[in-house]
There are 4 protein chains.
Amino acid sequence: MTTTAQAEGLTRAQRQKLQLRADIIDAAFEEFAERGYHQTAIADIAQRLGIGHGTFYRHFENKRDILEHVLDAAIEDLTNALRDDFSPEKVNSLAEYKTQLASILKKLYAFAQSNPRALRLMLLEATSIDGEMTKRIAAMHAEGQRVASEYLQHGKRKGFFRSNLDTKATATAVVGMLMAGSMQYLFQPEDKSFQKAFGKAVIDLLTAGLAAQPAA
Amino acid sequence: MTTTAQAEGLTRAQRQKLQLRADIIDAAFEEFAERGYHQTAIADIAQRLGIGHGTFYRHFENKRDILEHVLDAAIEDLTNALRDDFSPEKVNSLAEYKTQLASILKKLYAFAQSNPRALRLMLLEATSIDGEMTKRIAAMHAEGQRVASEYLQHGKRKGFFRSNLDTKATATAVVGMLMAGSMQYLFQPEDKSFQKAFGKAVIDLLTAGLAAQPAA
Amino acid sequence: MTTTAQAEGLTRAQRQKLQLRADIIDAAFEEFAERGYHQTAIADIAQRLGIGHGTFYRHFENKRDILEHVLDAAIEDLTNALRDDFSPEKVNSLAEYKTQLASILKKLYAFAQSNPRALRLMLLEATSIDGEMTKRIAAMHAEGQRVASEYLQHGKRKGFFRSNLDTKATATAVVGMLMAGSMQYLFQPEDKSFQKAFGKAVIDLLTAGLAAQPAA
Amino acid sequence: MTTTAQAEGLTRAQRQKLQLRADIIDAAFEEFAERGYHQTAIADIAQRLGIGHGTFYRHFENKRDILEHVLDAAIEDLTNALRDDFSPEKVNSLAEYKTQLASILKKLYAFAQSNPRALRLMLLEATSIDGEMTKRIAAMHAEGQRVASEYLQHGKRKGFFRSNLDTKATATAVVGMLMAGSMQYLFQPEDKSFQKAFGKAVIDLLTAGLAAQPAA
DNA sequence: CATGAATGAGCATTCATTCAT
DNA sequence: CATGAATGAATGCTCATTCAT
């Protein structure tokens with residue numbers, strides 16, 4: 001998590017406060033991911049940090065509030081991890097798309113490795129808190145689909161993707177593949193060979209499945 | 001749900017008992033899907049049936065226990081809904097695969113329409129109960145992947161799928177697509193046009209993406 | 001308190017339930033009067049009865065709820081204690097009014113002696129819970145004033161009270177006297193001679209203060 | 001409130017400190033009267049003044065302590081508002097008593113109008129803090145009764161009040177009337193016509209009720 | 001000396017589970 | 001065998017008070 005406070009013209013006290021806030025988010029993140037939201041008591045979070053549990057409430061409204069912040073942080077981390085690569089317009093051929101896709105998969109894989117808890121939170125935990133939270137997850141999916149569809153639209157426009165491609169629906173399918181791969185990582189984090197194979201399989205499936213028909 | 005008791009050589013009392021048991025599962029299923037597992041009290045389930053909540057404990061060990069049974073029932077329903085179509089060995093060409101895939105998608109869609117709660121339970125709710133439950137979900141995914149990979153292996157053997165196909169990894173991707181579509185259905189159940197488009201997109205993506213290279 | 005359950009065509013369980021409910025009201029009443037509402041924890045009430053504190057919540061919504069019931073019971077008790085004597089229309093002369101007043105004072109005194117806690121609750125405790133509760137107390141005062149004013153109106157009509165009597169305003173003053181006497185009882189319950197003197201003083205003050213001018 | 005510090009030969013710092021102390025009392029007074037003692041947090045008081053809530057503890061021992069001071073100030077204000085008129089020995093006839101009484105009622109009314117919060121604190125709020133505080137309220141009542149009884153004793157001695165007057169008991173009744181009127185003001189501050197009528201009713205009741213028997 | 005961050009005792013409330021009827 | 005009354009562990013949250021800065 002990149003919740004470390006950016007010290008900028010702040011008093012020491014302010015910096016400490018921000019740091020503690022960030023620490024609480026981190027601790028909550030760990031607890032939520034490890035034990036699950038409902039199984040985690042505020043006291044658990046506080047204890048992990050060695051602070052009084054009243055202190056928690058100086059920084060966050062309530063238990064639900066911090067989940068929001070934890071999830072925000074997780075989503076932000078994921079976004080940051082992938083952002084650099086989101087440049088559909090730079091892709092000019094199927095081969096370039098393949099490279100781009102490989103890069104994204106690599107970044108996602110790196111993120112999963114360094115941040116499996118964020119994945120767990122987003123894929124498994126956050127879906128069952130309440131309607132509002134489920135909507136956030138839906139929005140996250142939607143955002144992923146939006147990005148994916150931009151690639152697809154671009155490729156279609158450029159002509160290296162099928163002209164009959166339904167970009168929106170296909171984007172959903174693409175995001176689903178990535179979700180499935182991420183889940184698989186969570187379920188079997190040790191199976192490196194699968195992880196490698198999965199990346200390749202996705203690339204193959206997409207390049208073949210999206211490609212414009214050979215001139216034939 | 002197909003939890004109706006199969007009455008066979010049972011006393012009336014035994015049949016009644018089985019029926020009540022099935023009713024409890026149904027009621028729990030409704031409540032869990034509507035309000036979520038953690039938000040549902042045993043008393044809610046009992047009240048929905050008009051029975052005393054002590055009665056619940058004559059049929060199920062505890063709250064966790066019934067979730068298990070509810071999920072089992074849901075998975076069984078899903079399996080039943082799709083089972084007829086699982087016959088990879090009957091597929092002999094890409095065209096037949098396409099037909100088969102369309103049929104599966106149709107069945108899955110019908111299931112989603114008639115049983116969105118089961119979907120919700122499996123995709124959103126059950127992932128955040130505890131480790132054991134998460135394993136069950138993982139196993140469910142695994143089973144889906146196994147079935148999918150059988151199709152892929154068969155097609156590869158028969159030669160109408162790519163020879164370089166990684167059947168296991170690709171199966172994961174395929175199941176991911178279906179998951180994504182199902183989730184999308186939960187998030188936007190009214191968007192019929194998307195649902196139709198999604199089915200088509202998956203079929204197109206897979207037939208193109210899996211097909212053996214044209215002789216060319 | 002007269003909260004004992006009236007057993008009538010009830011199952012034993014129902015009677016027990018009503019009895020426990022009444023017991024909880026009594027216990028809460030004792031605690032509230034002794035320690036004050038805010039200083040009383042639900043656990044105190046439960047402990048006094050030797051029941052689990054969860055049991056409390058099977059009978060009352062929340063802490064506020066029982067205060068309501070406790071106060072209702074107290075007001076009902078007071079009303080019952082005084083009701084017999086409320087018959088303004090039977091009073092036909094100043095002498096009869098004097099007798100009637102003496103009777104009311106005696107009943108009030110008896111109530112204070114047998115039920116000082118109810119007095120404490122109404123006069124001291126309930127005024128500082130919240131606006132809604134204060135309104136109830138105001139309504140109680142209003143009711144007392146209404147009754148008092150009926151006597152005054154009747155006496156005025158009959159001609160044994162001053163014709164220039166402002167019945168409403170005077171009723172407020174009369175109720176104030178009784179309040180003051182009741183409070184004094186709470187503050188100095190042992191001072192019997194004062195209590196006696198107070199009754200006499202009120203009677204003297206009112207008979208002289210309300211009487212129609214002697215023909216003179 | 002007249003809690004403004006009397007600056008006399010004090011350093012600026014000392015004066016400031018006294019001023020802050022007085023401000024805290026005022027703020028606490030407002031909060032206690034508006035929200036009630038138990039519903040008021042120290043932080044509320046501090047926030048109202050724009051000071052840190054730690055600062056509060058440099059001026060007062062604890063929450064209970066300031067209530068004491070707030071109440072003292074309120075009682076002092078009430079005393080000041082009425083003091084000028086407390087001169088029983090100057091009253092030499094029933095007519096003069098009537099005038100005097102009218103004056104006191106007017107002053108009390110003015111106090112109620114300018115300081116309803118003080119009334120609320122004394123009549124409604126302070127009675128339910130704890131035994132010690134209730135004693136203070138009792139003492140306040142006693143003081144009012146003492147003053148009232150002085151008038152009564154004086155009038156009795158002078159001969160314009162009944163010779164059989166129980167001055168102590170009657171004083172309690174008199175104070176009760178004033179309490180009732182004050183409460184009524186709190187409950188219905190807008191009903192000016194009642195307020196006027198109430199004053200008149202009290203005067204009529206007392207002059208008639210206390211007067212020595214006409215020469216008859 | 002003012003501040004406000006930290007603290008933890010304290011309390012209301014919920015609910016899974018037990019068991020006497 | 002169904003029932004629902006009783007239970008108390010568990011937990012979110014508040015706020016008076018302390019004390020390092």
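Per chain, numbering begins at 1; letters A, B, ... match sequence-line order. Computed from a predicted structure; not experimentally measured. Note that these values count all heavy atoms, side chains included, but never hydrogens, waters or copies made by symmetry.
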Distance (rounded to the nearest 0.5 Å) between C:Leu71 CG and C:Glu125 CD: 10.5 Å
Gap between atom CZ of A:Phe32 and atom CD1 of A:Ile25 - 0.5 Å precision: 10.5 Å
Could you tell me how far apart [X] ([atom1]) and [N] ([atom2]) are, to the nearest whole angstrom?
| X | N | atom1 | atom2 | answer |
| --- | --- | --- | --- | --- |
| D:Arg58 | F:dT21 | CZ | C1' | 12 Å |
| C:Gln19 | F:dA6 | CD | P | 12 Å |
| C:Ile129 | E:dA12 | CD1 | C1' | 15 Å |
| A:Asn62 | F:dT11 | CG | P | 17 Å |
| B:Ile45 | E:dC15 | CD1 | P | 12 Å |
| C:Ile42 | F:dT7 | CD1 | C1' | 16 Å |
| B:Phe60 | E:dT18 | CZ | C1' | 19 Å |
| D:Phe56 | E:dC1 | CZ | P | 17 Å |

Side-chain N,O (A:Thr55) to OP1/OP2 (E:dA5) below 4.0 Å: no
Presence of donor-acceptor pair under 3.5 Å, side chain of D:His53 and base of E:dA2: no
Nucleotide nearest D:Tyr57 (side chain, heavy atoms from C-beta), chosen from F:dA2, F:dT17, E:dT17: F:dT17
A:Arg64 bridged to A:Asp130 by N-O distance under 4.0 Å: yes
For E:dA20, the Watson-Crick or wobble counterpart (both distances under 3.5 Å): F:dT3
Validation row: C:His59, C:Lys17 side chains within 4.5 angstrom (heavy atoms): yes
Pairwise 5' ranking along DNA chain E for C:Thr40 and B:Ala41, keeping only the more 5' one: C:Thr40
Sugar-phosphate, base or nothing in reach of C:His38, heavy atoms under 4.0 Å: nothing
First of C:Gly50 and A:Gly54 reached from the 5' end of DNA chain F, by closest nucleotide: C:Gly50
5' precedence on DNA chain F between D:Lys63 and C:Leu20 (nearest-nucleotide basis): C:Leu20
Pi-cation contact, C:Phe56 with C:Lys63 (under 6.0 Å, within 45°): no
